[in-house]
Amino acid sequence: AGTLSRPANPAITIVGPTVFNYSLEQNYPNPFTKVTRIPFSISKAEKVNLVLFDISGRTVKVLVNSSKDKGAHFVNFNAGSLAKGVYYYRIQAGDFTDVKKLTIW
């Protein structure tokens with residue numbers, strides 16, 4: 001009886017530019033006590049505004065307010081002396097806006 005041999009998997013090559021979509025990801029870890037990471041991506045270089053606000057809609061901290069290159073990014077956010085509770089973070093980049101919830105405990 002013969003033995004079947006399988007060819008090795010060829011290396012995967014990506015041809016062309018990598019396409020990034022606008023996205024705001026859930027922070028992790030969540031909930032957290034001290035530090036969390038907030039990932040986001042933008043499809044072209046432009047000004048990004050990422051703000052943390054409380055449940056009353058008051059701005060608590062501006063996390064990003066500057067131009068960013070297209071691609072994937074993240075912010076390491078240190079809660080510092082913020083009170084435990086539920087907060088929201090909102091990204092605005094061009095016409096893209098999204099909001100996510102985070103919990104400090």
Side-chain angles (χ1 to χ4, degrees):
T3 312
L4 292 176
S5 65
R6 299 171 69 181
N9 289 336
I12 296 172
T13 304
I14 297 173
V15 179
T18 303
V19 177
F20 291 97
N21 293 316
Y22 287 95
S23 69
L24 177 62
E25 304 300 325
Q26 186 63 54
N27 66 298
Y28 58 92
N30 187 41
F32 70 103
T33 52
K34 295 285 183 202
V35 179
T36 190
R37 179 177 279 205
I38 301 173
F40 66 92
S41 62
I42 55 176
S43 64
K44 64 181 181 181
E46 64 186 321
K47 185 173 183 193
V48 174
N49 184 258
L50 182 61
V51 177
L52 182 74
F53 56 97
D54 64 18
I55 58 173
S56 301
R58 288 185 298 254
T59 297
V60 174
K61 186 166 181 71
V62 175
L63 304 172
V64 176
N65 188 24
S66 61
S67 294
K68 296 289 181 187
D69 291 333
K70 87 171 184 180
H73 303 271
F74 65 87
V75 174
N76 283 323
F77 167 56
N78 186 326
S81 61
L82 287 178
K84 294 177 182 178
V86 174
Y87 294 83
Y88 295 89
Y89 54 100
R90 179 184 63 231
I91 190 170
Q92 292 175 300
D95 293 332
F96 175 73
T97 300
D98 198 5
V99 176
K100 301 278 188 206
K101 179 169 76 171
L102 64 76
T103 303
I104 301 171
W105 67 352

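- With rounding to the nearest 0.5 Å, the separation of CZ in Arg37 from CG in Asn30 is 15.0 Å.
- In this structure, Lys101 has no side-chain hydrogen bond (donor to acceptor under 3.5 Å, both in side chains) partners at least two apart in sequence or on a different chain.
- Side-chain contacts under 4.5 Å among hydrophobic residues (ILVMFWY), followed directly or transitively, place Leu50 together with Tyr22, Leu24, Phe32, Ile38, Phe40, Ile42, Val48, Leu52, Val60, Leu63, Val64, Val75, Phe77, Leu82, Tyr87, Tyr89, Ile91, Phe96, Leu102, Ile104.
- Judged purely by atom type and a 3.5 angstrom limit, Thr36 uses its side chain to pair as donor or acceptor with the backbone of Tyr28.
- Checked by atom type and distance alone, the side chain of Ser67 never pairs as donor or acceptor with a backbone atom of Glu46 at under 3.5 Å.
- Side-chain contacts under 4.5 Å among hydrophobic residues (ILVMFWY), followed directly or transitively, place Phe74 with no other residue at all.
- Residues satisfying the side-chain hydrogen bond (donor to acceptor under 3.5 Å, both in side chains) test with Asp95, not counting sequence neighbours, are none.
- Atom OG of residue Ser23 and atom NE2 of residue His73 lie 10.0 Å apart, to the nearest 0.5 angstrom.
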Does the side chain to side chain contact (heavy atoms under 4.5 Å, CB included) test come out yes or no for Lys84 and Thr103, once each step is laid out? CA-CA 7 Å; Lys84 294 177 182 178; Thr103 303; over 6 Å; no
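- Other members of the cluster containing Tyr88 are Phe53, Ile55, Val86, Val99, with ILVMFWY side chains joined at under 4.5 Å, either directly or via other members.
- Between the NZ atom of Lys44 and the CG atom of Asp69 there is a distance of 13.5 Å, given to the nearest 0.5 Å.
- By the salt bridge (Lys or Arg N to Asp or Glu O under 4.0 Å) test, Lys61 is found to be paired with no residue, residues two or more places apart in sequence or in another chain being considered.
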